[in-house]
Amino acid sequence: MGLLVTDVGLEKKTDGHELKKHAATIHCSNTLSLLQRKISNALLYHAYKELLLKEEHEITIRELCKLIAYNGNNHSAIKDALKGLLSTVIEWNVINDVTGMEDWTASSILASVSLKGPVCLYAYSPRMKQLLHSPAMFGKINLFIQSRFKSSYGLALYENCIRYRGLGFTKWFEIDMFRKLMGVPEDKYSVFRDFKRRVLDKSIEEVNTYSDLIVVPEVWREGKQVVKVRFSMKDRARKTRLGAKVVLKAGQADHAEEDLLIRMTRDYGLQPEQARQVIEEHEREFILEKMKVIELSQNFQQGKVNNLAAYLLSALRHDYQVAKTSQMKLAEQRVDNIHLESDIRKWRIISKKIQKSYLFYREQIIDQFVQQLDRVHYSHFMQDFRDFSADTLQTILKLQRNKYNQDTVMEAPQMKAMLRQFALKMLPDLPENIISIEQFIEDLPEKSRKAWYELQKYENA
């Protein structure tokens, strides 16, 4: 029998190995190596629960190596990486929206480190501890996923994208700033063509191969020059966790993979390289499921699909599901008398009112939560939101210039809606303050509750 293993040969569970990392420590300009980035994240993960309780933290070298999936015996490389973290300075700026003054802070990643035999002792500065323990905005870094990366550029891109997960795309990064965020020295790859080939393309390939995200770059040109870049994102469509292998009996794995390769190349027209890439990125059951979806589709059965290869790749990318038209028709046929139709109309009217009330409640909670942030966090949050929403903001000012200006544009409904969505993603404590719609409904009058549940029962029949 096979074992459930990762590509680094360790039996691995991903649950609980997730680090909340402050945006300032993600979006920082430095030239950290891949090993330094991994060690920095692992040390913070290990210390996080006692970050404010202890002046100094300790971890064995063996445990540190396990957290970063480091299999070598070269502990001097670990020592050199730790020394580099002592000399790497992170700086962050917060602009006060009221005074316009800049709050600037800087600190080394580690304040001190000591190796005593098999034990590593390390400490953070008071400023760094304050920043790291109560992040107003954060990205979640999965230590198992980070262990898969092969280059510092790939891991840097993943960290700078993961913070915007759920929003669909990152903010626009000025190209000079993005080079610094990726850790590219000033004297390297100054021509964008070289930067794209040596850094951008390779880091995108790593993120799309090793992480739980699929990212696609967008560039902003002024004339022929690329001045900004951002990334659209979506979650990888997988049915099992990243890194898991299908457990097959001895001798079955090669045959199963070979059969799948033959089917994709012979029946679906994929090139051998494309088919192997698909198998690398997706589980076998997931691929077979999407083939079934295609073969049950009306277009396929009527011979109207001209490019099966493209259809399969799109089905994998977008997680196509079997059409539910037959179920919908069956549900509609059940409405066979005037009384039921009348009840359904009433239920829908009441349900829409409930949804509207719940939405109003959510908006109030989000607005209040943002306004109650302390001065530093509020300034940091609003500055980050303005960066993220710059395109939308400028569009509103251009198209509705008679209604809004720079001082009032945040009152535009589009900006308010975007701010609330941004807050839900970036403020980790906010969702806990919002009750679910099910809890909300329990406090409503019986007539409203009954209408809601009757409509749900009918629509799910």
Side-chain angles (χ1 to χ4, degrees), residues 6 8-28 30 32-90 107-149 152 155-156 158-159 162-163 210-212 241-243 428-429:
T6 70
V8 292
L10 297 172
E11 187 168 359
K12 196 75 171 179
K13 295 182 179 180
T14 60
D15 295 342
H17 284 71
E18 194 171 64
L19 167 68
K20 288 183 178 180
K21 190 174 180 183
H22 194 288
T25 59
I26 292 175
H27 300 322
C28 63
N30 58 63
L32 291 178
S33 68
L34 176 64
L35 185 58
Q36 287 171 334
R37 284 184 184 275
K38 289 182 177 181
I39 288 176
S40 173
N41 289 339
L43 291 180
L44 177 57
Y45 168 80
H46 179 75
Y48 189 82
K49 290 182 180 179
E50 299 179 307
L51 194 62
L52 300 182
L53 302 177
K54 290 185 176 180
E55 291 298 319
E56 193 171 51
H57 309 276
E58 67 176 61
I59 185 173
T60 65
I61 297 297
R62 181 178 180 181
E63 186 176 0
L64 176 59
C65 290
K66 185 177 180 181
L67 283 175
I68 63 175
Y70 183 78
N71 294 325
N73 295 315
N74 184 10
H75 288 178
S76 63
I78 301 290
K79 181 179 178 181
D80 290 341
L82 290 168
K83 287 169 62 179
L85 295 179
L86 287 172
S87 59
T88 300
V89 175
I90 289 179
S107 174
S108 60
I109 294 178
L110 292 179
S112 66
V113 64
S114 174
L115 295 180
K116 294 186 176 181
V119 177
C120 171
L121 303 173
Y122 62 102
Y124 297 95
S125 71
R127 287 287 188 184
M128 185 61 77
K129 287 198 291 187
Q130 182 182 22
L131 176 76
L132 295 174
H133 192 264
S134 301
M137 291 150 288
F138 65 93
K140 289 184 176 180
I141 311 299
N142 186 296
L143 296 189
F144 168 58
I145 290 175
Q146 88 155 10
S147 72
R148 298 168 61 89
F149 281 91
S152 176
L155 183 53
Y158 178 67
E159 289 193 0
I162 197 69
R163 179 189 163 199
Y210 300 127
S211 85
D212 51 353
R241 75 177 187 269
L242 188 69
D429 296 329

Which residues pass the salt bridge (charged side-chain N to carboxylate O under 4.0 Å, His left out) test with Lys79, not counting sequence neighbours?
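Partners of Lys79 by the salt bridge (charged side-chain N to carboxylate O under 4.0 Å, His left out) criterion come out as none, since no residue qualifies.
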Please give me the minimum heavy-atom distance between [X] and [Y], naming the atom from each residue.
X: Ser152; Y: Leu34; value: CB-N, 3.4 Å
X: Gln36; Y: Gly84; value: NE2-CA, 3.3 Å
X: Ser108; Y: Met128; value: O-CE, 3.5 Å

Tell me, please, which residues at least two apart from Ser87 pass side chain to side chain donor-acceptor pair (under 3.5 Å).
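Ser87: no side chain to side chain donor-acceptor pair (under 3.5 Å) contacts found.
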Calculate, to the nearest 0.5 Å, the distance between atoms [atom1] and [atom2] belonging to [X] and [Y] respectively.
X: His75; Y: Asp80; atom1: NE2; atom2: CG; answer: 13.0 Å
X: Lys38; Y: Ser147; atom1: NZ; atom2: OG; answer: 6.0 Å
X: Gln146; Y: Glu159; atom1: CD; atom2: CD; answer: 7.0 Å

Enumerate donor-acceptor pairs with a distance under 3.5 Å from any side-chain N or O in residues 56-64 to protein atoms, sequence neighbours excluded.
from  : atom 1 : to    : atom 2 : distance (Å)
Thr60 : OG1    : Glu63 : N      : 3.0

Identify every side-chain donor-acceptor pair in residues 109-124 under 3.5 Å, counting partners at least two apart or on other chains, and give the distances.
from   : atom 1 : to    : atom 2 : distance (Å)
Tyr122 : OH     : Leu43 : O      : 2.8
Tyr124 : OH     : Leu44 : N      : 3.3

Given side-chain contact (heavy atoms from CB on, under 4.5 Å), test Leu155 with Tyr210 step by step and report yes or no.
CA-CA 10 Å; Leu155 183 53; Tyr210 300 127; over 6 Å; no
Suppose the criterion is salt bridge (Lys or Arg N to Asp or Glu O under 4.0 Å): which pairs have a residue in residues 41-55, not counting sequence neighbours?
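Those involving residues 41-55 are Glu50-Lys54, Glu55-Lys129.
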